[in-house]
Amino acid sequence: MGFGDYPKEYNPSVHGPYDPARFYGKPDTPFGQVKISELGSWFARRNKSPQALAGVFSRAWWRWQHKYVQPKKVGIAPFFQLLAGSMTFFYVINYGKMKHHRNYKYH
Amino acid sequence: MFSRVALRSAAARQSTALVARGSASAASGSRDEVNFPRPVRGEPGKVRLGFLPEEWFQFFHSKTGVTGPYTFGVGLATYLCSKEIYVMEHEYYTGLSLLVMVVFAAKKLGPNIAAWLDKEVDTIEKDWNQSRTDTIKGLEDAVEAEKTAQWRAQGQELLIQAKKENVLLQLEAAYRERLMQTYSEVKRRLDYQLEKSNLERRLAQRQMVDWIVTNVTKAITPDQEKATLDRCIADLSALAARK
């Protein structure tokens, strides 16, 4: 599987047009329905290769795109979400420097 | 010749490729429309406060009630600020003023820009559909024109039939005219013959009468004339005596 290829499980004659937001592999229990005791085995079953990790981010990106950016008449929500997300991200990466601006020594 | 061979081999290769593709798709299964429906472009997801997904609030509703997510947000912010995990340095106040400006602009200009953008979206969609609707309309018009042309062609058949009848009528008229011509010509000739024979007979009769009269007049001698005259006088006198 090189760059720009479809996932191995994707079969056009069965799945129809390719949906980049969709996972075409064998579905496991959704993360929200996993019991705490089964969490270890659930993570053990996951494919932790770099390609699979990239696929996770790609699918999340496209799910967000399909939900908030790609509809015909979108509002300003995706822009505000990007704004809030980038603010949080840059706050986190700059936290080491921000820390020195604290006003109180004890909390 | 070579080019033809090349063409034929190319066609054969193409057909085998098509067959191979068809068999491959047939072997690997049919389209699963139930679990993998064709994706459709839906409505945008709902958000609250401009960017927080509605699902986040719904997630809280069953556990904390309607105000729960807001309480959680305020509590989290209070915690972050109180412990100075979120540090309020000079940029924080810049951010506050920017936030006020952004929210004010979004509230003030948002509806107008949204209406304008929606109008643009509709225009673009209409433009993209234009050629398709035009094609459909053109084809419908062509079908209508074809039906009219067929109707006209049926009219042409009627016209041809009428013309044929017309020609037949003309032929009939010409036939009758010639028949009449023949009749009158024959009658003229017969009249001529009749007239001719009548004339001949009349002429011959007159000739014969003339000849007979001439000969008879020639045959009368003076004695006979005198005797006849005497006889006439005697008859006259006899007639006069009887009176």
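Order of the sequence lines fixes the chain letters, A, B, ..., with proteins taken first and strands second; residue numbering starts at 1 for each chain.
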Does the distance from a Lys or Arg side-chain N to an Asp or Glu carboxylate O, for A:D19 and A:R63, drop under 4.0 Å? no
Bottom line for B:L117: the part with an atom under 4.5 Å from chain A's heavy atoms is neither
Step through it carefully: locate the ring centre of A:W61, locate the ring centre of A:F57, and say whether they are under 6.0 Å apart. no
A:Y91 versus chain B, heavy atoms under 4.5 Å apart: side chain, backbone, both or neither? side chain
Given A:K73, A:H101, A:K99, the one with more heavy-atom pairs under 4.5 angstrom with chain B than any other is A:K73
Look at atom NZ of B:K63 and say whether more than 12 heavy atoms of other residues, nucleotides or ligands are closer to it than 6.0 Å. yes
Chain B heavy atoms under 4.5 Å from A:Y106: which part of the residue, side chain, backbone, both or neither? neither
Trace of the side-chain hydrogen bond (donor to acceptor under 3.5 Å, both in side chains) decision for B:E157 with B:Q161: CA-CA 6 Å; B:E157 279 180 6; B:Q161 205 179 348; over 6 Å; no
Is the distance between the ring centroids of B:Y92 and B:Y86 under 6.0 Å? yes
Scored by heavy-atom pairs under 4.5 Å with chain B, the best of A:N103, A:V74, A:V69 is A:N103
What residue in B:E84, B:E89, B:E43, B:E91 has the most heavy-atom pairs under 4.5 Å with chain A? B:E84
In terms of heavy-atom pairs under 4.5 Å with chain B, the winner among A:M98, A:Q81, A:Q70, A:K72 is A:K72
Would you mind telling me which of B:K187, B:R189, B:R188 makes a salt bridge (Lys or Arg N to Asp or Glu O under 4.0 Å) with B:D191? B:K187
If I measure from the heavy atoms of chain A, does B:E33 come under 4.5 Å with its side chain, its backbone, both, or neither? neither
Non-hydrogen atoms of chain A under 4.5 Å away: do they reach the side chain of B:A106, the backbone, both or neither? side chain
Is the A:Y24 to A:Y6 ring centre distance short of 6.0 Å? no
